[in-house]
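Below you'll find the structure, written out as structure tokens, and then a few comments.
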Amino acid sequence: MTTKKVRVRFAPSPTGPLHMGGVRTALYNYLFARRHGGDFLLRIEDTDSGRFVPGAEEYIIEALKWCGIEPNEGLTADGKVVMDANNPEACYRQSARKPIYRKYAEELIAAGHAYYAFDTSEALDALRKEAEARKETFIYNHTIREHLQTSLSLSTEEVDERLRTEKHWVVRFKMPENREVHMHDLIRGEVKVNTSTLDDKVLWKAADELPTYHLANIVDDHLMNISHVIRGEEWLPSLPLHYLLYEAFGWTATQPEFAHLSLLLKPDGKGKLSKRDGDRLGFPVFPLAWKDPVSGETSRGYREDGYFPEAFVNLLALLGWNPGTEQELFALDELVNTFTLERVVKSGAKFNPEKAQWFNQQYLRQKSDIDLAKLYRSDLENRKIVYDEEYVAKVCSFIKDRSTFVHDFWEQSAYFFIAPTAYDEKAMQKYWKPETPALMSQLSDFLSTIDDFTKENTEHLVHQWILDKGLNMGAVMNAFRISIVGASKGPGMFDIIALLGKTETLKRLSALL
RNA sequence: GGUCCGUUCAUCUAAGGGUUAGGAUUCAAGAUUUUCAUUCUUGCCAUAGGGGUUCGAAUCCCCUACGGACUACCA
């Protein structure tokens, strides 16, 4: 690596919502860029007109924004396009760069690194089927290109004629014969492949006048001065082609470094994590909920499921990377300061939903009571419950250790806002004896004599009272809890009644007598 | 089928040839809590298999097995 400025890109295809694996790729790019004081750009690779999904691009931008991993060039989290100051002609949506690519494809043809091919997809499919029937591998390469309808086998006149009159020709890369390509990957080390196993990939299609991924990718990364390509493992098999393309263009000297990330795997069984797994196992695989514009099918998202973006980013960071220390909780800025590609794990990581919840629980606890009260507010409002923030914050202080998500709060704290309407059956069976009502009646009478209803005072006086009367502490306190809470759960009884106040406490006590 | 990548507790992972193979999640038990949760303590659980190299291998090499990705005029 030279002193070249670090510039990385996240280059998704707008064919649907961004998968959490995609978010992780974006995150690692972002961390790497910021760690090295470089640029993180977002480029939309929409060269497949047929697979475009409306809303997908907006989804990607919004998801990155929610995670706090905002690009500083290209399509940004605000949805604006921020241009490279040195390249005012830059555009970051490949469909809008359409005119650029053809020239590069033709440059390759002129240099003898590519050629025109006129075979129809149907003809090629037929050849593939035939080869399959003979149990052979069909490779579109030097063994066959001279025998097909290409500019290598046809006369110049015929080629010109067909280029003029036909609409479905393509430009293919002329894959060299029997050459060992030695590649370097920042995560995997040396990889080598013999070119004889590779195809003459299509680089450009006349039908829509668009490049395929391979050409667009190399041209754009070159033009945008990308220094490091950090992408998913599914691209490793095409790395030799990409190396050869840089070579054919004469760009080897400025070729970026590559790092291929392993995949995120299903929590159970085998294979990579898919949309289905989330539905099947009950966890989101997307950062944000998504409604498919065609099928109308909805998929849940981490945001809508109640995850904090910090927790989501943290758990994603640790899925395939580790700091080498035992620290597990990282704020985004800490990740920036700690992240290195050297510590990215080579093997695929199975996603573990339980650990994901644990992360959220940790972040929930880190929040202040007042912040939690603010987050709780909309839920309370929906339930038509109005309390001042100080009261709600106090409630939050009692329930934060009992919750994983903010949406657990109501279940944990309803009794702070409304008197119990039902009483837990098991608790009643265990603690509500025939003599209990009389006991609670005495307790009620005693409590009504206390004016200073603070936690300290009531706790002291009631304990003394139980002692003086020779009562059983457990019998009194557990029944007391059932009367006030409705169940055998919650923080200290005197904390609860201090917050509820004397009037409400006595009211709830009498409700069960 | 072919090419490439990978393989340490159930899961995420640590251990740059020498440790009783460490941590975290989950699970279990105990302590604390008059309850629930928290917290704390403890426990269970791993180097895929086989060959080498070496005084010594989770670590280096080879083979096998298993897993994954790719194999489109998709990205």
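Values in this document were obtained by computation on a predicted structure and should not be read as measured data. Lettering follows sequence order; numbering is per chain, from 1.
- Side-chain contact annotation: Tyr92(A) with Asp220(A), donor-acceptor N/O pair under 3.5 Å absent.
- Lys346(A) comes within 4.0 angstrom of the backbone, heavy atoms only, and of no base.
- Among the protein residues, Lys272(A) comes within range of the sugar-phosphate backbone only, with heavy atoms under 4.0 Å from sugar or phosphate atoms but none that close to a base.
- Using a 4.0 Å heavy-atom criterion, one finds that His168(A) contacts the bases of the nucleic acid, with or without backbone contacts as well.
- Between the side chains of Glu334(A) and Gln327(A), a donor-acceptor pair is found at a separation under 3.5 Å.
- Contacts of Val345(A) with the nucleic acid, taken as non-hydrogen atoms under 4.0 Å apart, involve only primed sugar atoms and P, OP1 or OP2.
- Counting non-hydrogen atoms under 4.0 angstrom, Gly50(A) reaches nothing in the nucleic acid.
- Phe405(A) pairs with exactly one of Tyr307(A), Trp358(A), Phe308(A) by the ring-ring contact (aromatic ring centres under 6.0 Å, His included) rule, that one being Tyr307(A).
- Distance from the side chain of Pro237(A) is smallest to C70(B) among C74(B), G23(B), C70(B).
- A sub-4.0 Å separation between OP1 or OP2 of A75(B) and a side-chain N or O of Arg51(A) is absent.
- Closest contact between the side chain of Val191(A) and the listed nucleotides U34(B), A14(B), C5(B) involves C5(B).
- Across all strands shown, A28(B) forms a Watson-Crick or G-U wobble pair with U42(B), both key distances being under 3.5 Å.
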- Item | Trace of the side chain to side chain contact (heavy atoms under 4.5 Å, CB included) decision for Trp290(A) with Val285(A) | CA-CA 11 Å; Trp290(A) 165 260; Val285(A) 295; over 6 Å; no
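- Interface remark: the Arg481(A) side chain does form a donor-acceptor pair with the U35(B) base, using a distance-only criterion of under 3.5 Å.
- Set against A75(B), G23(B), C12(B), the side chain of Thr212(A) has A75(B) as its closest nucleotide.
- Counting non-hydrogen atoms of neighbouring residues, nucleotides and ligands closer than 6.0 angstrom, the NZ atom of Lys433(A) exceeds 12 such neighbours.
- At a threshold of 4.0 angstrom between heavy atoms, the contacts of Val202(A) are confined to the sugar-phosphate backbone, with no base atom among them.
- Distance from the side chain of Arg128(A) is smallest for A72(B) among the nucleotides A72(B), C4(B), U39(B).
- The side chain of Val170(A) lies closest to C73(B), out of C73(B), A14(B), U7(B).
- An OP1 or OP2 oxygen of C74(B) is reached within less than 4.0 angstrom by a side-chain nitrogen or oxygen of Lys205(A).
- Close to C73(B), at under 4.0 Å from its OP1 or OP2, lies a side-chain N or O of Arg172(A).
- OP1 and OP2 of G23(B) both lie 4.0 Å or more from every side-chain N or O belonging to Thr325(A).
- Comparing Ser238(A) and Tyr431(A) by the nucleotide of RNA chain B that holds the closest heavy atom to each, the one mapping nearer the 5' end is Tyr431(A).
- In this structure, Arg343(A) does not reach the G16(B) phosphate: none of its side-chain N or O atoms is under 4.0 Å from OP1 or OP2.
- Looking at heavy-atom distances under 4.0 Å, Trp235(A) makes contact with a base.
- Position along RNA chain B of the nearest nucleotide to Asn352(A) versus Tyr140(A) favours Asn352(A) as the more 5'-ward residue.
- Listed nucleotides: G1(B), C12(B), C70(B). Nearest to the side chain of Lys350(A): C12(B).
- A48(B) and U32(B): their C1' atoms are spaced 43 Å apart (whole Å).
- Using a 4.0 Å heavy-atom cutoff across all strands shown, Asp125(A) reaches no nucleic acid atom at all.
- Among the protein residues, Pro491(A) comes within range of the nucleic acid bases, having at least one heavy atom under 4.0 Å from a base atom.
- At a cut-off of 3.5 angstrom, the base of C36(B) holds at least one donor-acceptor pair with the side chain of Arg402(A).
- Between the side chains of Ser413(A) and Tyr376(A), at least one donor N or O sits under 3.5 Å from an acceptor N or O.
- When distances are taken from the side chain of Ser13(A) to each of A75(B), U34(B), G1(B), the shortest belongs to A75(B).
- As judged by a 4.0 angstrom heavy-atom cut-off over every strand, Thr197(A) is placed among residues touching the sugar-phosphate backbone only.
- If you check C4(B) for Watson-Crick or wobble pairing at under 3.5 angstrom, you find it paired to G68(B).
- Put simply, Asn478(A) has no side-chain N or O that comes within less than 4.0 Å of OP1 or OP2 on U34(B).
- Nucleotide U35(B): unpaired (no Watson-Crick or G-U wobble partner with both distances less than 3.5 Å).
- Nearest to the side-chain atoms of Val193(A) among the listed nucleotides U3(B), C70(B), U13(B) stands U3(B).
- In this structure G18(B) sits in a base pair with C55(B), meeting the Watson-Crick or G-U test at under 3.5 Å.
- Among the atoms of the strands shown, base atoms are found under 4.0 Å from some heavy atom of Ser121(A).
- Under the 6.0 Å cut-off for aromatic ring centres, Tyr28(A) and His228(A) do not qualify, their centroids lying 6.0 Å or more apart.
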